[in-house]
Protein chains: 2
Amino acid sequence: MPASRGRGQSAGLTRAQIIEAAGDIVADAGAGALSMRTLATRLDVTPNALYAHVDSKDDVIDGVLDNVLGEVRRASPQAADPIAALERIMTSTYAVLVGHRDLVPSFLSRQGSRGPNALALGDIMNHLLGRIGAEDVDAARRVLVVHAIGSAAFATTGSEGRLAVSERVARQHFDLGLRWLLAGIVETAAKNETGGVTDR
Amino acid sequence: MPASRGRGQSAGLTRAQIIEAAGDIVADAGAGALSMRTLATRLDVTPNALYAHVDSKDDVIDGVLDNVLGEVRRASPQAADPIAALERIMTSTYAVLVGHRDLVPSFLSRQGSRGPNALALGDIMNHLLGRIGAEDVDAARRVLVVHAIGSAAFATTGSEGRLAVSERVARQHFDLGLRWLLAGIVETAAKNETGGVTDR
DNA sequence: ACCTGAACACCGTTCAAGT
DNA sequence: ACCTGAACACCGTTCAAGT
C-alpha cells in the first residue's frame with residue numbers, strides 16, 4: 001500500500017536504492033521472498049513504479065548479485081605471490097557465495113553477473129594468471145570461477161538429500177579442488193616456459 | 001481444457017507418464033514453458049489432477065532431471081583404464097547437460113538429482129575412484145561433478161554477455177579443467193601409496 | 001482411487017492516466 | 001519524469017465435491 005503519496009508525487013526512488021532493498025529482502029527472508037511486489041511494498045510504492053528505474057526483475061537480480069560480489073576480499077594484482085593471491089580471491093569468493101546461498105542458483109543461470117564488481121574481480125584474476133604464465137588465461141579463469149560458484153551451489157546443509165555434507169566438509173572439498181586446479185594451471189605454464197614473456 | 005471426460009472417469013495418469021510429458025515440454029519449448037498448467041493441458045487433465053501422482057512441481061523437476069541423467073553413457077566399473085573411464089563418464093555428463101541447457105540451473109540448485117540414475121552414476125564413479133586409489137573418494141567425486149555441472153551451466157552461446165564463449169571453446173575449457181582435476185586426484189593418490197589396499 | 005470445479009493467494013509486466 | 005490505478009495473462013496448490 002503506497003500510503004501517503006498523491007498522484008504525481010515523486011517517492012525519490014533510485015536504481016541503487018531499489019537494488020539495495022532487494023538485497024535486504026533476500027537477506028531477511030530468502031530469495032524466494034523477492035518479488036517486484038514485495039519489493040514495491042518495502043519501498044512504499046506500487047509495483048509498476050519500479051519499472052521507471054529498472055528494466056525487469058532479472059535486472060534487479062543482476063544488481064543484487066554484483067553487490068554481493070563487492071564483498072569479496074580483493075587481492076592486489078601486484079601481490080608478491082600471485083598463486084597465493086589467486087587462492088585467496090577464490091576462497092573469499094566461495095565464502096561470500098556460501099554466505100548468500102539462495103542467490104547462487106541465480107549466479108549460475110546468469111553466468112556470474114556482469115556488473116562492475118564482477119569485471120574488477122575478473123581483471124585482477126587475469127593479471128595474476130598472466131603473471132603465473134598461464135597458457136590460456138581465459139580458460140584458467142573460467143575453470144576457477146566455475147569451481148567456486150559450483151562448489152558454493154553444492155555446499156548446503158542439505159535438509160534431506162543423503163549426499164548432503166557439513167559446511168566444514170564442503171569447504172575441505174572446495175579447498176582440495178582449488179589446489180588441484182591451481183597446480184594444473186602452474187604445471188601447464190611451466191611446460192610452456194621456453195623463454196616467453198614474464199613479469200620480471 | 002480436459003475435454004471429453006466425465007467427473008470420476010480415470011484418465012489413466014501415471015507418475016512416469018507425467019514426468020515424461022514434462023520432459024517433452026522442456027525439450028519442445030524450454031524450461032520456462034513448464035508449469036503444472038501447461039503440463040496438465042498436454043495430458044488433457046485439470047492441473048490439480050496431477051497432485052494425485054506427484055507431490056509438487058519440484059517433484060516433477062526431480063524426475064525430469066533424473067531421466068536426463070539416464071542419457072549419460074555409463075562406463076563399466078571394471079574398465080581396463082579407470083582414469084580414462086572417469087574421463088569418459090564426466091565428458092558424457094557434460095555433453096548431456098549442455099544438450100539440456102535450461103535444466104542445468106535446476107540441477108545445481110537441487111544438487112544434481114537424487115534419483116536412481118544419479119545414484120547409479122555415483123556408484124560407478126566411486127568404484128573407479130577407489131581403483132585409482134583416491135585418498136578421499138567423496139571429495140574427488142564431488143569436485144568432478146561440480147566441474148561438469150558448473151561448466152555446463154557456463155556453456156551458453158550467451159546472447160549478450162561479453163564473457164560468452166562458443167560451444168567449442170567452452171568444451172575446451174571443460175576438458176582442460178577435467179584433466180587438471182584428474183591429474184590432481186591421481187597425484188594425491190600416488191603420494192599415499194605406502195602399501196595401502198589396491199585392486200590387484 | 002482418481003478425477004473435475006472452483007477458488008485462494010499470489011506472480012511479472014503493460015498501458016493509460018494524472019501531476 | 002515519476003508516480004498511481006487498473007488490468008492482462010499468468011502461476012502453484014488446496015479443498016470440496018462427484019463417480
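Labels below follow one simple rule: chain letters A, B, ... track the order of the sequence lines, proteins then strands, and each chain is numbered from 1. What you see is a predicted model; the values in this text were computed from it and never measured.
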**Q** Figure out the NE2/C1' separation between A/His53 and D/dC2, and round it to whole Å.
**A**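 In whole Å, D/dC2 C1' and A/His53 NE2 are 7 Å from each other.
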**Q** Restricting to side chain to side chain donor-acceptor pair (under 3.5 Å), what partner residues turn up for A/Asp81, sequence neighbours left out?
**A**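 Scan of A/Asp81 (side chain to side chain donor-acceptor pair (under 3.5 Å), adjacent residues dropped) gives none.
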**Q** For a quick check of understanding: with a heavy-atom distance under 4.0 Å over all strands, which category does A/Ala52 fall into, base, sugar-phosphate or nothing?
**A**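 Result for A/Ala52 = nothing.
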**Q** Taking ring pair (Phe, Tyr, Trp, His ring centres under 6.0 Å) as the test, write out the residues that go with B/Tyr94, two or more places apart.
**A**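 Applying ring pair (Phe, Tyr, Trp, His ring centres under 6.0 Å) to B/Tyr94 gives B/Phe174.
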**Q** Go through D/dT4, C/dT13, D/dT13 for me and flag the one nearest to the A/Ser56 side chain.
**A**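 Closest of the options to the side chain of A/Ser56: C/dT13.
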**Q** Pair up each side-chain donor or acceptor in residues 82-90 of chain B with any protein partner under 3.5 Å, not counting sequence neighbours, and list the distances.
**A**
none

**Q** Determine which pairs satisfy salt bridge (charged side-chain N to carboxylate O under 4.0 Å, His left out) with at least one residue from residues 172-181 of chain A, sequence neighbours left out, and list them in order.
**A**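 Counting only pairs at least two positions apart or across chains, the salt bridge (charged side-chain N to carboxylate O under 4.0 Å, His left out) contacts touching residues 172-181 of chain A are A/Arg171-A/Asp175.
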**Q** Where the side chain of B/His53 meets the backbone of B/Thr14, is there a donor-acceptor pair that is under 3.5 Å apart?
**A**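 Here the side-chain-to-backbone pair does not exist.
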**Q** Once you round it to whole Å, what is the distance between P of D/dA1 and CG of A/Leu50?
**A**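 So the two atoms are 19 Å apart, to the nearest Å.
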**Q** Within this structure, what is the CD1-to-C1' distance between B/Ile61 and D/dG12, rounded to whole angstrom?
**A**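 One finds 11 Å between C1' of D/dG12 and CD1 of B/Ile61, rounded.
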**Q** Kindly state which residues belonging to residues 21-29 of chain B come within less than 4.0 angstrom of DNA chain D, counting heavy atoms of the residue only, listed by number.
**A**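 Close to the strand, none.
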**Q** Mind checking the C1' distance from D/dC8 to C/dC11? Whole angstroms is fine.
**A**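 Between the two C1' atoms, the distance is 12 Å.
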**Q** Mind checking side chain to side chain donor-acceptor pair (under 3.5 Å) for B/Asp55 and listing every partner two or more places apart, or none if nothing turns up?
**A**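 Per chain and number, B/Asp55 pairs via side chain to side chain donor-acceptor pair (under 3.5 Å) with no residue.
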**Q** Considering only residues two or more places apart or on different chains, which pairs with a residue in residues 60-80 of chain B satisfy salt bridge (charged side-chain N to carboxylate O under 4.0 Å, His left out)?
**A**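 Found B/Asp62-B/Arg110.
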**Q** Excluding sequence neighbours, so at least two apart, what forms side chain to side chain donor-acceptor pair (under 3.5 Å) with A/Asp123?
**A**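 Side chain to side chain donor-acceptor pair (under 3.5 Å) list for A/Asp123, sorted by chain: empty.
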**Q** How long is the straight-line distance from CG of B/Leu103 back to CD1 of B/Ile149, given to the nearest 0.5 Å?
**A**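 One finds 11.0 Å between CD1 of B/Ile149 and CG of B/Leu103.
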**Q** Any chance you could encode DNA chain C as dot-bracket? Rule is Watson-Crick or G-U wobble with both distances under 3.5 Å; [ ] for pairs crossing earlier ones, | for another strand.
**A** ||.|||||...|||||.||
**Q** Rounded to whole angstrom units, what separation is found between the CG atom of A/Asp58 and the P atom of C/dG12?
**A**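 The answer, rounded to whole Å, is 11 Å.
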**Q** How long is the straight-line distance from CG of A/Asp136 back to CZ of A/Arg142, given to the nearest 0.5 Å?
**A**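 It comes to 10.0 Å.
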**Q** Take atom CG of A/Leu43 and atom C1' of D/dC2, then tell me their distance rounded to the nearest Å.
**A**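 Atom-to-atom, A/Leu43 to D/dC2, this comes out as 14 Å.
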**Q** Just checking A/Gly32: base, sugar-phosphate only, or nothing, at a heavy-atom cut-off of under 4.0 Å?
**A**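 Contact class for A/Gly32: none.
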**Q** If the P atom of C/dC10 is compared with that of D/dA9, how far apart are they to the nearest Å?
**A**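 Rounded to whole Å, the distance is 22 Å.
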**Q** Applying side chain to side chain donor-acceptor pair (under 3.5 Å), can you list everything that pairs with B/Asn126, at least two apart in sequence or on another chain?
**A**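 Side chain to side chain donor-acceptor pair (under 3.5 Å) list for B/Asn126, sorted by chain: B/Arg141.
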**Q** If you restrict it to nitrogen or oxygen atoms, what contacts under 3.5 Å exist between nucleotides 7-11 of chain C and the protein, and what is each distance?
**A**
unit_1: C/dC11; atom_1: OP1; unit_2: A/Ser35; atom_2: OG; d: 3.2

**Q** I need the CD1-C1' distance between B/Ile18 and C/dC3, as an integer number of Å.
**A**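 Taking atom C1' of C/dC3 as the reference, CD1 of B/Ile18 is at 12 Å.
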**Q** Once side chain to side chain donor-acceptor pair (under 3.5 Å) is applied, what residue pairs with a partner in residues 21-37 of chain A remain, sequence neighbours excluded?
**A**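 Found A/Asp28-A/Arg42, A/Ser35-A/Thr38.
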**Q** For B/Asp55 and D/dT13, what is the distance between atoms CG and P respectively, to the nearest whole Å?
**A**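 Between P of D/dT13 and CG of B/Asp55: 10 Å.
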